S.K.: 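Below you will find the structure I want to go over with you.
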Amino acid sequence: MGAAADLTPPPGAAADWTIDQGWDAYAPAEHQVWLTLYERQAALLKGRACDAFLHGLDALDLHGGGIPDLRRVNPALEKLTGWTVVTVPGLVPDPVFFDHLANRRFPAGQFIRRPDQLDYLQEPDIFHDVFGHVPMLTDPVFADYMCAYGRGGLRALGLGQLHHLARLYWHTVEFGLLQAPEGLRIYGAGIVSSRKETIYSLEDPRPKRIEFDLERVMRTVYKIDDLQPTYFVIPSLQALLDATLQDFAAIYDRLRAEPDIGLGEVTAEDHLIAA
Ligand code: HBI
Ligand code: FE
């Protein structure tokens with residue numbers, strides 16, 4: 001284990017790592033990057049993203065002609081589910097991240113990617129965070145899930161179980177699929193903010209699509225820089241929230257005895273879902 005994570009915020013950031021969005025300082029070229037990405041994804045996501053996501057996109061009017069001004073978005077979001085978006089310089093230490101979520105504050109990267117990074121970038125920028133994550137926060141059930149996740153993250157840190165809980169976030173909040181009555185739909189932010197993965201996750205025959213099971217998800221490793229070999233499918237957002245009501249301490253005890261499950265692996269207990 002390295003030294004305890006350095007919780008000292010970078011210069012110019014507050015103790016909770018937040019910085020001003022500085023919306024007035026965004027250059028026209030940066031607003032153009034937002035518009036290009038927004039128009040490309042919004043067209044693609046009709047019939048592919050879940051209703052909660054599409055409703056959230058409209059409710060917050062995130063198209064608004066460029067990078068959203070959070071001074072305008074936050075009052076609308078807060079009225080719907082009590083959430084607000086705060087801006088941070090980039091990835092923040094786990095304890096800081098979970099504390100924000102536990103208090104219904106979503107930490108979004110303040111910066112936007114360069115025009116030559118349209119298809120992929122490592123760190124979450126404001127497009128990944130505000131276009132990808134924020135619309136789902138307008139759904140009361142998902143909003144409660146994200147708050148419960150934050151509280152669970154703080155507990156997991158205390159139990160040395162962050163790696164298991166990080167997988168739950170990855171396989172739901174970032175790359176989750178939903179079994180809607182009309183077919184498979186996307187709710188994961190990592191998918192909805194990526195043109196390639198939007199198509200691949202629903203239509204490509206290669207990835208496995210497995211019915212969500214909490215412990216299966218927490219045993220499943222993941223890769224951060226490639227299309228996912230496995231997607232987990234929830235029957236409803238309520239099912240995801242209900243999963244957080246279990247006794248995680250008992251689950252962590254069971255997981256200690258269980259080996260991790262590798263990328264793209266299928267086990268005898270898995271219920272596979274057709275594309
Ligand atoms: N910080 N800004 C930011 N955004 C994240 O998604 C994020 C983070 N810090 C930690 C973190 N995610 C992960 O460790 C959790 O997803 C488990
Ligand atoms: Fe994300």
Side-chain angles (χ1 to χ4, degrees), residues 1-2 4-10 12-21 37 41 49 53 56 62 70 83-113 117 120-137 142-143 145-177 186-194 197-198 201 217-218 220-228 231-232 240 244 248 252:
M1 282 287 277
D6 180 1
L7 299 185
T8 315
D16 62 2
W17 285 62
T18 55
I19 57 174
D20 284 346
Q21 181 182 13
L37 288 169
Q41 282 309 102
F53 179 86
L62 292 183
L70 295 176
W83 277 82
T84 56
V85 183
V86 293
T87 33
V88 290
L91 288 175
V92 302
D94 292 327
V96 174
F97 182 65
F98 292 123
D99 184 65
H100 279 303
L101 297 188
N103 290 286
R104 293 187 182 250
R105 292 188 302 266
F106 189 82
Q110 180 275 343
F111 71 100
I112 192 156
R113 67 193 74 181
Q117 297 173 304
Y120 179 77
L121 82 165
Q122 188 76 25
E123 288 237 341
D125 71 337
I126 194 157
F127 184 77
H128 168 88
D129 282 325
V130 174
F131 180 89
H133 283 284
V134 172
M136 287 301 293
L137 293 173
F142 192 80
Y145 170 68
M146 285 292 278
C147 182
Y149 181 86
R151 295 203 186 105
L154 292 171
R155 280 198 300 274
L157 280 170
L159 297 169
Q161 289 290 327
L162 177 68
H163 59 296
H164 282 129
L165 208 77
R167 291 168 181 171
L168 175 60
Y169 190 87
W170 185 267
H171 294 303
T172 58
V173 180
E174 292 296 354
F175 289 97
L177 297 180
I186 303 165
Y187 71 94
I191 308 178
V192 292
S193 52
S194 151
E197 196 129 18
T198 296
S201 66
V217 163
M218 290 167 73
T220 306
V221 301
Y222 58 84
K223 253 190 325 183
I224 62 168
D225 53 3
D226 200 346
L227 294 168
Q228 300 303 306
Y231 295 102
F232 289 95
L240 195 53
T244 65
F248 276 63
Y252 293 141

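On a predicted model such as this, the values are computed, not experimentally measured, just so you know. In each ligand, atom 1 is the first atom listed, and ligand 1 is the first ligand listed.
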S.K.: Just to be sure I understand the cut-off, which residues have at least one non-hydrogen atom under 4.0 angstrom from an atom of ligand 1?
M.R.: V88, G90, L91, V92, D94, F97, F98, Y149, A166, Y169
S.K.: Using 0.5 Å steps for rounding, measure from the CG atom of L62 to the CZ atom of F127.
M.R.: 9.5 Å
S.K.: Mind running side-chain hydrogen bond (donor to acceptor under 3.5 Å, both in side chains) on Q228 and S201 for me, showing each step along the way?
M.R.: CA-CA 8 Å; Q228 300 303 306; S201 66; over 6 Å; no
S.K.: For T244, give me all partners under side-chain contact (heavy atoms from CB on, under 4.5 Å), at least two apart in sequence or on another chain.
M.R.: Y145, A148, L241
S.K.: What do you get for the angle at the Fe ion (ligand 2) between NE2 on H133 and OE2 on E174, to the nearest 10 degrees?
M.R.: 100°
S.K.: Supply the atom-to-atom distance R105 CZ to D16 CG, rounded to the nearest 0.5 angstrom.
M.R.: 6.0 Å
S.K.: Hey, could you give me each pair passing side-chain hydrogen bond (donor to acceptor under 3.5 Å, both in side chains) that has a residue in residues 148-163? Not counting sequence neighbours.
M.R.: Q161-H164
S.K.: Taking only residues two or more places apart in sequence or in another chain, which ones pass ring pair (Phe, Tyr, Trp, His ring centres under 6.0 Å) with F111?
M.R.: none
